[in-house]
2 protein chains.
Amino acid sequence: MSRKTGVLELAVLGLLHESPLHGYELRKRLSAVFGPVKRISYGSLYPCLKDLVATGLIAEDAAASVSGVGKRGRTVYKLTAEGKERLQDQLGEHGPSAWEDESFGVRMAFFAQTDADVRLKILEGRRSRLEERREKVSSAMSRTREKLDRYTLELQQHGLESVEREVRWLNELIATERSPAGGPGRGAVTARPRSAKSPG
Amino acid sequence: MSRKTGVLELAVLGLLHESPLHGYELRKRLSAVFGPVKRISYGSLYPCLKDLVATGLIAEDAAASVSGVGKRGRTVYKLTAEGKERLQDQLGEHGPSAWEDESFGVRMAFFAQTDADVRLKILEGRRSRLEERREKVSSAMSRTREKLDRYTLELQQHGLESVEREVRWLNELIATERSPAGGPGRGAVTARPRSAKSPG
DNA sequence: CGTGCGATGTATCAAGTTGATACATCATCC
DNA sequence: GGATGATGTATCAACTTGATACATCGCACG
């Protein structure tokens, strides 16, 4: 159900949980959730919305004018009770599908509505996934180091360091999750000093 | 010609320039070129190969057994003269299509066969592209900082720092490109010290 | 006032891609 | 002898993309 990508469904449900939205606005917010890469096209959004309406997880409200006279037929979508339930179910999932590349970002974007233990499981799952990848890339590099030109090598080195950097980031997030949440003097976001870099 | 993605075509031509390959091996190498994300499926590789054969840029050699008796019909693909020309054309391109997200990695993977001035243009183009993105993300963050929960904020902060890191990386690459290439005591890869990190 | 322009807004479609699947050969181990 | 898994070619329904069409709105410029 709901096409190939459960991620899109989740993102839509999550966004509509905050407030009802029409397609255009929904798409803009989805672009924010999915990041600068990977944009969502209407060709996948509309079918997804159609499915969600058909399944009864969301409802469309065609006559929703904003404040004055009928502006135009903007179909506004909102979560139904079933949709809220479904969203809670999805937010409770903490298997591999939650920490793969396509879904992790979306899952974390809705961490505010996610239980603390689930958050932790997902972060740890993501970390092992990346450590796995680091191992693979790293060993592939030592196997082929001699044969590669400097550019390929630079590319792989940069990729490897990106993975390592994300692992460190996850380590910090996990540590923050595990530490007691109410301590004094702690900001909303883990206050990392931006590691006083040399200017270029 | 050659479907939607010119990038795949370029990658195939580039790989076949090094040596003739059959589909399976080609796909493995493409996976390396395109990175751990974004894998190439046969559903796009085979049509691409078919196109390239039809256009006369590559040729297939069905009877190519490796060394002994006929193993099985492995169709081996190799570059034609036209294909080599085409590859040179593509490697000479240094417009936006060379430094967008989908193509930059592939372009850089074949930098060893690319002219120095073209390399520099692509690296600089990529850098402006990322600086542009950094500006957008950065200003979007300051506009919405108050409204966002810590997780969304962490996500965006991490994204922003990833972009900044890639810009620094490009700065180093560009500096290396501009400095005289034959200096003594320089390794194959720019010998960056891995920035003595605190352990955690 | 009109008219051109860009943002907002809904919707569709040809062309292209994915993930699964089918099928066959080969090497290795039990 | 047969089970398992890597190598290898190939296809297809279901799905996504990028382009396009179309309409409304605000608003600046002459």
Side-chain angles (χ1 to χ4, degrees), chain A residues 1-9 11-12 20-32 34 36-54 58 60-77 96-97 100-103 106 136, chain B residues 1-9 11-12 20-32 34 36-54 58 60-77 96-97 100-103:
Chain A
M1 43 217 55
S2 126
R3 320 220 118 19
K4 176 156 56 181
T5 51
V7 220
L8 181 52
E9 172 187 308
V12 168
L21 295 169
H22 52 88
Y24 188 81
E25 182 64 26
L26 201 39
R27 184 177 186 259
K28 278 204 300 185
R29 309 229 182 161
L30 284 169
S31 299
F34 280 91
V37 292
K38 179 68 185 178
R39 43 187 144 302
I40 299 301
S41 58
Y42 290 119
S44 50
L45 176 56
Y46 282 128
C48 175
L49 289 172
K50 217 181 287 182
D51 267 19
L52 289 172
V53 168
I58 68 176
E60 57 185 36
D61 196 353
S65 62
V66 185
S67 63
V69 292
K71 307 194 71 164
R72 215 252 312 227
R74 307 197 303 176
T75 32
V76 173
Y77 299 89
S97 66
E100 288 303 312
D101 294 312
E102 335 85 54
S103 37
V106 173
K136 247 179 65 176
Chain B
M1 44 222 54
S2 124
R3 322 220 113 27
K4 175 157 54 181
T5 51
V7 219
L8 182 52
E9 173 185 308
V12 168
L21 295 169
H22 52 89
Y24 186 82
E25 181 65 25
L26 200 39
R27 184 177 185 259
K28 279 204 301 186
R29 310 228 182 162
L30 284 169
S31 299
F34 280 90
V37 292
K38 179 69 185 176
R39 43 184 142 302
I40 301 301
S41 58
Y42 290 119
S44 51
L45 176 56
Y46 282 128
C48 175
L49 288 172
K50 218 181 285 183
D51 268 19
L52 289 172
V53 168
I58 68 177
E60 57 185 35
D61 195 353
S65 61
V66 186
S67 63
V69 292
K71 305 194 71 164
R72 216 247 318 217
R74 308 197 303 176
T75 33
V76 173
Y77 299 90
S97 65
E100 287 304 312
D101 293 312
E102 335 85 54
S103 37

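Being a predicted model, the structure only gives us computed values, none of them experimental. In what follows, every chain begins at residue 1, and chains take the letters A, B, ... in the order their sequences are listed. Both backbone and side-chain heavy atoms feed into the values below; hydrogens, waters and symmetry mates do not.
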Gap between atoms OH and P, on B/Tyr46 and C/dC23 respectively (whole Å): 17 Å

Whole angstrom value for the distance that separates C1' of D/dT24 from CZ of A/Arg74: 11 Å

Whole angstrom value for the distance that separates P of D/dT7 from CZ of B/Arg29: 13 Å

Rounded interatomic separation in angstrom, taking CG from B/Leu26 and P from D/dT7: 15 Å

5′-ward residue of the pair B/Gly43/B/Tyr24 relative to DNA chain D: B/Tyr24

Per A/Lys38 side chain, nearest of listed nucleotides D/dT16, C/dT12, D/dG8: D/dT16

All side chain to side chain contact (heavy atoms under 4.5 Å, CB included) counterparts of B/Glu102, not counting sequence neighbours: B/Glu100

Among C/dT18, D/dT17, D/dG8, the nucleotide that comes nearest once only the side chain of B/Ser41 is considered: C/dT18

Interatomic distance, A/Leu45 CG vs D/dG18 P [rounded to whole Å]: 15 Å

5′-ward residue of the pair A/Ile40/B/Lys50 relative to DNA chain D: B/Lys50

Atom pair distance, as rounded to whole Å: CG in A/Leu21 and C1' in C/dT10: 15 Å

Atom pair NZ (A/Lys38) and CG (A/Leu30), whose distance is rounded to the nearest 0.5 Å: 11.0 Å

All side chain to side chain contact (heavy atoms under 4.5 Å, CB included) counterparts of B/Tyr46, not counting sequence neighbours: B/Tyr42, B/Leu49

OP1 or OP2 of C/dT17 under 4.0 Å from side-chain N/O of B/Ser44: no

Sugar-phosphate only, base, or nothing, as touched by A/Gly23 at under 4.0 Å among non-hydrogen atoms: sugar-phosphate

Euclidean distance, B/Arg39 CZ relative to B/Ser44 OG, rounded to 0.5 Å: 12.0 Å

Distance below 4.0 Å between A/Tyr42 side-chain N/O and C/dA11 OP1 or OP2: no

Nearest-angstrom distance from the residue atom NE2 of A/His22 to P of C/dA11: 12 Å

From NZ (B/Lys50) to CD1 (B/Ile58), nearest 0.5 Å: 12.0 Å

A/Lys28 side chain, from C-beta outward: closest of C/dT8, C/dG9, D/dT7: C/dT8

Atom-pair distance (CD on B/Glu60; C1' on D/dG8), nearest Å: 15 Å

